[in-house]
Amino acid sequence: MFTEQNRTVVVVGAQWGDEGKGKLVDVLAERADWVVRYQGGANAGHTVDLGKHSFVLHQIPSGILHEGVRCVIGNGVVLDPDTLFTEIDGLVADGFDVEGRLYVSDRAHLVLPYHKLLDSESSHTQSIGTTGRGIGPAYEDKVARRGIRVLDLRHGDRLKVQVELGVEHANAQLASFGSTKRADVQQTLDLLTRLAERLLPLAEDVGVLVHRAVKSGAAILLEGAQGSLLDVDHGTYPFVTSSSTTSGGAVIGVGLAPTAIDAVLGVVKAYTTRVGSGPLPTEMDEAMAERVRSLGNEFGATTGRPRRCGWFDAIVVRYASRINGLTDLAVTKLDVLDTLDRIAICTGYEYEGDLHTEFPGDVATLDKIAPRYEWLDGWQRSTADARRLDDLPAEARRYLDRMQELLETPVTYVSVGTRRDQIIGL
Ligand code: GDP
């Protein structure tokens, strides 16, 4: 992805998240100077398999596993300091050098204990199927202008006023949920005072840092979390996350100009999954879903929840390609389909007698559509050792070719296993 022309590259999930972005980012981070997270919270759960053991990073960009790569948590992220420090300590204990190359935006909003309390006590967030880590409530506070930003920790008086606002609102909410639990101003302030000591040394105006890096010609990877169909504006609302997961969110979430982006890599699974409630037009019948779930180990990295499984939906990914401006695709988990005798691709939605090829905005429509499938022969051979396109069985090549045709976006990488080396296209 990084060439002389492509210096600033965004990686986004082009389905409902869990596409295997972690592996792609990990592989690309080796060639990057900077890796930046721009949205979401400590629910990302990127899994990186290092051979002897695997790492799940929820808050810190996985680029941290590469020596010398500078990592940034942008203003668009809601930062969970507990998770941040647990991950830093874990990395240091494992011999990774973190100091001096991890920067946190001083404008990033904090996820506080009362945000988690609101998540766990609210039946609404549970019905949406969130990870319950306080991320939604922290974004709500951000937009309602009562959030606590990292830079507020520098100003005791201002901090107190903001905390009072936040706690008052949280307690009113808790009361309205019928909960007897309450947040406390002093406890929150004490916690923030303790956190400030460790957090403020990491705080920077990261927009300036990354802007200077762009100017100097550095290779910059902007790493998205979740997926495009979970974007708060473009996803299957209300079954979405609270942030802008698409490439537009990348520039807002770090403070770069849109013109700084050179390329956008969309990561897609060779099939489709989604966690929790909401539309999944190509959902498989339970027997097939169970088979794919077990072959692909489709259980949430953060929550362990079983993921719902569906066939590859070209309507979804074509939509994602359009709204993100995808220049390249990475198809992951091709190996998961190795034993299937036939494989479907959804090429259209049948609705009220018409065939639709654009993704609708209304989830009620999605509930009523019938996917139109094209069936392709499976390859029934292992692809795990393929390192070049030529190593793939003809049927697998055909499957990928058909995807490219339907998506009008070139497939640049194909991932055929969890390990870093199991990839075609590097
Ligand atoms: P992310 O949130 O998009 O980074 O996705 P996750 O990391 O939560 O989920 C991806 C899971 O799939 C991880 O357990 C990866 O090790 C695994 N994975 C990634 N690429 C492949 C692949 O090509 N084949 C298989 N079998 N597993 C993969």
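All ligand and atom numbering here is 1-based and tracks the order in the structure.
Other residues, nucleotides and ligands place no more than 12 heavy atoms under 6.0 Å from the CD atom of E99.
The side-chain heavy atoms of E298 and V336, taken from C-beta on, include no pair separated by under 4.5 Å. The shortest side-chain heavy-atom distance between D313 and Y349 falls under the 4.5 Å cut-off.
Shown here are the salt bridge (Lys or Arg N to Asp or Glu O under 4.0 Å) partners of K368, two or more places apart in sequence or in another chain: there are none. The salt bridge (Lys or Arg N to Asp or Glu O under 4.0 Å) check on R398 picks up nothing, with sequence neighbours excluded.
Considering backbone and side-chain N/O of T332, none are found under 3.5 Å from N/O of ligand 1. For G22, a nitrogen or oxygen atom sits less than 3.5 Å from a nitrogen or oxygen atom of ligand 1, counting backbone and side chain alike. Considering backbone and side-chain N/O atoms, G20 comes within less than 3.5 Å of an N/O atom of ligand 1. Considering backbone and side-chain atoms together, G17 places no N or O closer than 3.5 Å to any N or O of ligand 1.
The aromatic rings of F312 and Y399 sit perpendicular to each other, their planes meeting at more than 60°, with 30° as the lower class boundary.
Numbered from 1 in the order shown, with element, the atoms of ligand 1 that lie under 4.0 Å from a heavy atom of K21 read 1 (P), 2 (O), 3 (O), 4 (O). Of all atoms in ligand 1, numbered sequentially from 1 with element shown, those under 4.0 Å from a heavy atom of S415 are 20 (N), 21 (C), 22 (C), 23 (O). The R307 neighbourhood of ligand 1 comprises atoms 8 (O), with distances under 4.0 Å to a heavy atom of that residue.
In V416, the part holding a heavy atom less than 4.0 Å from any atom of ligand 1 is the backbone.
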Would L192 and L153 count as a side chain to side chain contact (heavy atoms under 4.5 Å, CB included) here? Give the steps. CA-CA 7 Å; L192 288 171; L153 303 183; 3.8 Å; yes
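Note on ligand 1: G417 sits in its first shell, one or more heavy atoms being nearer than 4.0 Å.
When Q422, K23, K333, Q226 are ranked by how near their heavy atoms come to atom 18 (N) of ligand 1, first place goes to K333.
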